[in-house]
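See structure below.
Here is the naming used below: chain letters follow the sequence lines, and residue numbers restart at 1 for every chain.
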There are 2 protein chains.
Amino acid sequence: MAAIRDDLTYAFGAGRLTPQRQTIAESARSLGRAFTIDDLAEEARYRDPSIGVATVYRAVSAMEATGWLERVGERAGSVLYAQCGAGDRHHHHLVCTSCGRVEPAECPLHDVAAHAATSGFVITNHEVTLYGLCPACLATGS
Amino acid sequence: MAAIRDDLTYAFGAGRLTPQRQTIAESARSLGRAFTIDDLAEEARYRDPSIGVATVYRAVSAMEATGWLERVGERAGSVLYAQCGAGDRHHHHLVCTSCGRVEPAECPLHDVAAHAATSGFVITNHEVTLYGLCPACLATGS
DNA sequence: TCCAAAGTGAGAACGATTATCACTTGGCTC
DNA sequence: GAGCCAAGTGATAATCGTTCTCACTTTGGA
Ligand SMILES: [Mn+2]
Ligand SMILES: [Mn+2]
Ligand SMILES: [Zn+2]
Ligand SMILES: [Zn+2]
């Protein structure tokens with residue numbers, strides 16, 4: 001069963017769930033992998049051609065603010081997003097560099113945080129992203 | 001003593017060490033913190049106003065290719081670079097979000113790599129960046 | 001010295017993202 | 001249910017970091 005934040009009704013928090021936003025959120029979920037704004041706009045406009053690109057940008061900003069989407073890297077100058085697959089739990093990401101599949105990864109930074117403390121730095125935030133090949137892409141050799 | 005890659009003569013590898021490139025590399029080193037292309041260009045053009053912005057971009061690309069510079073994040077839509085402070089050793093970065101100071105950090109990913117292997121992913125690359133406050137910024141409360 | 005490749009600088013072009021603005025819509029109050 | 005108004009929309013222009021182009025200069029080896 002999915003974590004509560006995976007439910008579409010949480011995508012926009014206190015914001016309105018308009019028909020356009022619903023289409024955009026469903027598009028994001030249906031992609032099932034990391035995507036650029038352009039990827040998402042293409043899918044959303046396939047379902048409803050009247051949706052403007054600016055609306056997709058605004059919807060992504062809103063979904064990122066609630067944590068329903070996360071940025072997981074970049075591709076050719078564009079930000080890569082993925083639906084958060086682990087609810088509220090603190091985690092990071094495995095990103096398949098071939099197909100874009102994304103899987104949550106444990107946070108490995110407890111030791112490093114301790115080390116940093118001895119150097120005088122106080123860590124307030126961190127980013128971890130792993131890139132590689134998912135089982136499917138390994139099997140097909142792509 | 002600094003690791004060998006910290007020496008300016010390694011900044012451009014097989015490329016030419018022109019006067020402009022020397023000025024740019026010295027500027028990067030003198031900044032002593034994470035910087036954007038714009039920060040670097042400002043410093044370099046202070047020393048030699050005839051240096052064009054395109055030359056700074058090209059020099060940074062070359063220095064990134066040799067590993068003498070690394071990208072350590074972004075700020076307001078621009079890529080953040082820092083001089084690599086740990087030679088050839090595999091490492092990551094502590095970045096002070098207040099003053100931009102950068103310090104090498106150990107790689108904490110051995111456990112995670114093992115975990116990923118059990119999920120079928122094969123990791124080929126990873127990124128880790130820690131953000132926080134350096135001792136100096138903690139002391140001044142900035 | 002000569003030459004070909006590498007590098008330079010000015011400016012144009014590019015492309016992702018953001019701002020603007022007139023208009024529409026959703027959800028609340030009465 | 002009608003009225004209100006903040007929130008959202010879509011087209012388009014603007015922004016801005018980065019890359020490209022091109023004529024020119026410099027470099028370092030033959
Ligand atoms: Mn996630
Ligand atoms: Mn480094
Ligand atoms: Zn894959
Ligand atoms: Zn600091």
Exercise for the section: Evaluate the criterion side chain to side chain contact (heavy atoms under 4.5 Å, CB included) for residue pair B/V60 and B/Y81; output intermediate values, then yes/no. Expected result: CA-CA 9 Å; B/V60 166; B/Y81 295 91; 3.5 Å; yes
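A straight line from CG of A/D39 to C1' of C/dA16 spans 13 Å, rounded to a whole angstrom. The separation between A/E42 atom CD and C/dA16 atom P is 13 Å, rounded to whole Å. Atom pair B/E74:CD and C/dA16:C1' shows a separation of 12 Å (rounding to whole Å applied). What separates CD of A/E64 from P of C/dT17 is a distance of 11 Å, to the nearest Å. The nearest whole Å value for the distance from the CD1 atom in B/I51 to the P atom in C/dG9 is 6 Å.
In this structure the side chain of B/D39 reaches within 4.5 angstrom of the side chain of B/R75, judged on heavy atoms. With a 4.5 Å cut-off on side-chain heavy atoms, B/V79 and B/I37 do not count as touching.
Considering OG1 of A/T23 and CZ of A/R45, their distance stands at 12.5 Å, rounded to 0.5 Å. The CG atom of A/L31 lies 5.0 Å from the CD atom of A/E43; values are rounded to the nearest 0.5 Å.
For B/S61 and B/P19, each mapped to the nucleotide of DNA chain D holding its nearest heavy atom, the one lying further toward the 5' end belongs to B/S61. Mapped onto DNA chain C by nearest heavy atom, B/R45 and B/R21 fall at different nucleotides, with B/R21 at the one closer to the 5' end. Comparing A/D48 and B/D38, the nucleotide of DNA chain D nearest to each residue sits closer to the 5' end for A/D48.
Counting non-hydrogen atoms under 4.0 angstrom, A/V53 reaches nothing in the nucleic acid. Looking at heavy-atom distances under 4.0 Å, B/T36 makes no contact with the nucleic acid at all.
Taking every heavy atom of both residues into account, B/A34 and B/A82 meet most closely at CA-CB, 4.3 Å.
With A/C84 as the fixed residue, the side-chain contact (heavy atoms from CB on, under 4.5 Å) test singles out one of A/R89, A/M63, A/E64, A/E70: A/E70.
Among the nucleotides C/dG9, C/dT17, C/dG26, the one closest to any side-chain atom of B/R58 is C/dG9. Distance from the side chain of A/A54 is smallest to C/dA19 among C/dA19, C/dT8, C/dG9.
Between C/dT25 and A/Q20, no contact under 4.0 Å exists linking OP1 or OP2 to a side-chain N or O. Contact annotation: B/T18 does not reach the phosphate of C/dG7 (side-chain N/O to OP1 or OP2, under 4.0 Å).
Along DNA chain D, read 5' to 3', the first and last nucleotides having any atom under 4.0 Å from a heavy atom of chain B are D/dG17 to D/dT27.
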